[in-house]
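This one's a predicted model, so the numbers in the text were calculated from it and none came from an experiment.
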Amino acid sequence: MRIAVSGSHSLGKSTVVNDWVVGHGDYIREEDPYRALGLQGPYEILFREASTRLHNGIQLYYSISRVHRYTASDHRVIFDRAPVDYLAYSQYTANQGTTDIDDEYVTSMVPAVREALDRLDILAFVPKSDAWPVAMEDDGIRPVD
């Protein structure tokens, strides 16, 4: 079973993924691309109206490459973020008009995202909430504003 947890930042995706792995020890946990590439890797990745094609593109294609790594339906893996999230993040930035991300770029991402989603068994969406059901943790990774 290949599961991806999707949603905006700081909603509890990592908590869900971590709890899942604790309860299902036979699952592999795939890290959020930002953490793998930005915090633990070689890139400076900016967010929101400051993100660029490079920032969102490397995260998207890293995410897609990890999905493609697990081709068999009997692979047990849970992804902390889904490729589709980068469409939403990129569209937000395109709407701001502050970087090289525009509507055409977002549209160009769609075929690769669709193909990756076809390789997942479950896409679990964590929705935005007006009230935090779990206290926000200031762990130095996420914005707490």
Side-chain angles (χ1 to χ4, degrees), residues 1-22 24 27-71 73 75-145:
M1 177 85 53
R2 296 156 301 186
I3 304 167
V5 181
S6 175
S8 188
H9 62 277
S10 300
L11 294 177
K13 291 179 308 303
S14 297
T15 301
V16 169
V17 169
N18 291 337
D19 289 352
W20 180 270
V21 172
V22 167
H24 302 84
Y27 269 75
I28 297 167
R29 181 188 190 285
E30 278 290 339
E31 185 63 85
D32 177 313
Y34 168 71
R35 291 189 188 120
L37 298 171
L39 291 180
Q40 302 163 1
Y43 299 100
E44 176 186 11
I45 298 174
L46 302 178
F47 291 102
R48 301 177 187 151
E49 58 279 342
S51 64
T52 66
R53 290 180 182 203
L54 174 63
H55 299 144
N56 287 6
I58 61 174
Q59 291 177 95
L60 169 67
Y61 286 103
Y62 177 85
S63 178
I64 288 171
S65 75
R66 303 312 287 178
V67 169
H68 285 287
R69 182 177 184 178
Y70 304 96
T71 58
S73 61
H75 281 131
R76 298 183 187 280
V77 60
I78 186 164
F79 298 89
D80 185 351
R81 189 158 298 289
V84 70
D85 293 345
Y86 298 101
L87 291 177
Y89 282 135
S90 295
Q91 189 60 62
Y92 171 84
T93 305
N95 292 349
Q96 305 312 303
T98 54
T99 70
D100 61 349
I101 295 178
D102 56 18
D103 291 343
E104 183 179 336
Y105 175 72
V106 177
T107 300
S108 76
M109 299 166 80
V110 171
V113 169
R114 279 191 182 141
E115 182 181 346
L117 291 177
D118 283 344
R119 296 182 184 270
L120 295 172
D121 299 303
I122 295 176
L123 177 62
F125 178 66
V126 178
K128 180 183 175 293
S129 172
D130 289 332
W132 296 103
V134 177
M136 176 64 70
E137 177 184 342
D138 188 357
D139 57 6
I141 294 174
R142 71 194 82 254
V144 293
D145 62 354

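The stretch residues 51-63 participates, sequence neighbours left out, in these salt bridge (Lys or Arg N to Asp or Glu O under 4.0 Å) pairs: Arg53-Asp102. Screening residues 109-120 for side-chain hydrogen bond (donor to acceptor under 3.5 Å, both in side chains) gives His68-Arg119 as the qualifying pairs, with residues at least two apart or on separate chains.
The distance from the CG atom of Asn56 to the OG atom of Ser63 is 12.0 Å, given to the nearest 0.5 Å. Interatomic distance, OH of Tyr27 versus CD1 of Ile3, reported as 4.0 Å (0.5 Å rounding). One finds the CD atom of Gln59 at 9.5 Å from the CG atom of Leu54 (value rounded to the nearest 0.5 Å). The structure places CD1 of Ile101 at 9.0 Å from NE2 of His55, a figure rounded to the nearest 0.5 Å. Rounding to the nearest 0.5 Å gives a distance of 4.0 Å between CD1 of Ile58 and CD1 of Ile45.
Using a 4.5 Å heavy-atom cutoff, the side chains of Gln91 and Asp103 are in contact. Side-chain atoms of Phe125 and Leu123, non-hydrogen and from C-beta on, never get closer than 4.5 Å to each other.
For the side chain to side chain contact (heavy atoms under 4.5 Å, CB included) with Arg2, the qualifying choice from Ile28, Asp121, Ile78 is Asp121, the only one to do so. Each of His9, Arg35, Arg81 was evaluated against Ser14; a single residue qualifies, Arg35, per the side-chain hydrogen bond (donor to acceptor under 3.5 Å, both in side chains) test.
Taking the side chain to side chain donor-acceptor pair (under 3.5 Å) definition, one finds that Tyr92 meets it with Glu49, sequence neighbours left out.
Using a distance-only test at 3.5 Å, with no hydrogens or angles considered, no donor-acceptor pair links the side chain of Arg29 to the main chain of Trp20. In this structure, the side chain of Ser6 does not engage the main chain of Ala124 through any donor-acceptor pair within 3.5 Å. Remark: the backbone N or O of Ser8 is paired with a side-chain donor or acceptor of Lys13 at under 3.5 angstrom. Thr99 contributes a side-chain N or O that, together with a main-chain N or O of Ser51, makes up a donor-acceptor pair within less than 3.5 Å.
Here the closest non-hydrogen pair linking Leu60 and Met109 is CD2-CE, 3.4 Å. When all heavy atoms of Leu37 and Tyr62 are compared, the closest pair comes out as CD1-CB, 3.6 Å.
For Asp100 and Thr52, the side-chain atoms include no donor-acceptor pair closer than 3.5 Å. A side-chain donor-acceptor contact under 3.5 Å links Glu30 and Tyr70.
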